[in-house]
Every structure is written in C-alpha cells, then in structure tokens.
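Have a look at the structure below, then the notes.
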Amino acid sequence: MIFTLSPLPVAAQTFGGYECTEDCSGHKAGYDWTEENDINDESDCNGNSTSFNEGCETYVEDQDRGSETDDDGNYLE
C-alpha cells in the first residue's frame, strides 16, 4: 500500500474580511489613507485599486480595527 500526503490548502490572508492578493499591502495603504484623510463615507473609496478601496471600506466600517495586522493577527509590513 502506498500513501501519498497532499498538502492541505492554505487559507488566503484576509484584511477586513477581504481576501488579499499577496501581502495585504494595498488594503493597509487604503486603510491608512482613509484614516489620515478622515474619510467616513464608502462612496469616497473609489480609487484605481480594488485592494486599496477595500482597505478604505474597512476603515469606514471599523475605525478601531487598525491596519497593523491581517484578520488572523499576523503583523503586516
């Protein structure tokens, strides 16, 4: 009998419930920009980057979340 081990699928990194493409840097940038510019309306989250817009929306939805970690608590660079 031969057993092969298949790697378990790795859960994607998320930020504010949104899936990150690589390292969540776009989400973090959008969140930080929104915080710095005191944005509080999702209609203002309309840039050219989906991840930036999602980070912006995350700030509007949860201003206490912070941008230092992903949803699992892993620190972002």
Side-chain angles (χ1 to χ4, degrees):
M1 216 178 253
I2 298 175
F3 292 98
T4 59
L5 297 175
S6 298
L8 295 174
V10 176
Q13 190 176 18
T14 58
F15 185 95
Y18 298 103
E19 191 171 316
C20 300
T21 54
E22 283 188 34
D23 59 4
C24 298
S25 61
H27 292 87
K28 178 177 176 19
Y31 186 99
D32 291 342
W33 176 85
T34 307
E35 183 176 32
E36 291 165 9
N37 290 281
D38 199 28
I39 304 296
N40 57 20
D41 189 331
E42 285 188 27
S43 67
D44 294 322
C45 302
N46 58 1
N48 294 330
S49 166
T50 299
S51 60
F52 186 93
N53 294 340
E54 291 171 349
C56 175
E57 292 167 7
T58 299
Y59 177 81
V60 171
E61 294 168 3
D62 184 4
Q63 297 177 5
D64 295 325
R65 182 201 184 286
S67 66
E68 300 304 314
T69 62
D70 67 11
D71 290 343
D72 292 326
N74 301 308
Y75 283 94
L76 304 175
E77 294 184 28

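Please read all numbers here as calculations on a predicted model, not as lab measurements.
The list of disulfide bond (SG atoms under 2.5 Å apart) pairs with a residue in residues 48-77, not counting sequence neighbours, reads C45-C56.
Side-chain contact check for R65 versus T58: some heavy-atom pair is nearer than 4.5 Å.
Closest heavy-atom contact between E22 and Q13: O-OE1, 3.3 Å. Summarising the geometry of F15 relative to C24, their closest heavy-atom pair is CB-SG, 4.1 Å, with the distance given to 0.1 Å. For the residue pair S51 and G26, the shortest heavy atom distance occurs at OG-CA, 3.5 Å. Of all heavy-atom pairs between D70 and T14, the closest is CB-O, 3.2 Å. Of all non-hydrogen atoms in E19 and H27, the two that sit nearest each other are O-CE1, 3.6 Å. The shortest non-hydrogen separation linking V60 to I39 is CG2-O, 4.1 Å.
Taken from CG in D44 to CH2 in W33, the straight-line distance is 6.5 Å, to the nearest 0.5 Å. For the atom pair CD (Q63) and CG (N40), the distance works out to 7.0 Å, reported to the nearest 0.5 Å. Annotation: the span from K28 atom NZ to E77 atom CD amounts to 10.5 Å, rounded to 0.5 Å. In this structure, the separation between CG on D23 and CG on N74 is 12.0 Å, given to the nearest 0.5 Å. One distance of note links OG1 of T34 with CG of D41; it measures 11.0 Å at 0.5 Å rounding.
Ring geometry for Y59 against Y31 counts as perpendicular: the plane angle is over 60°, on a 0 to 90° scale with 30° as the lower cut.
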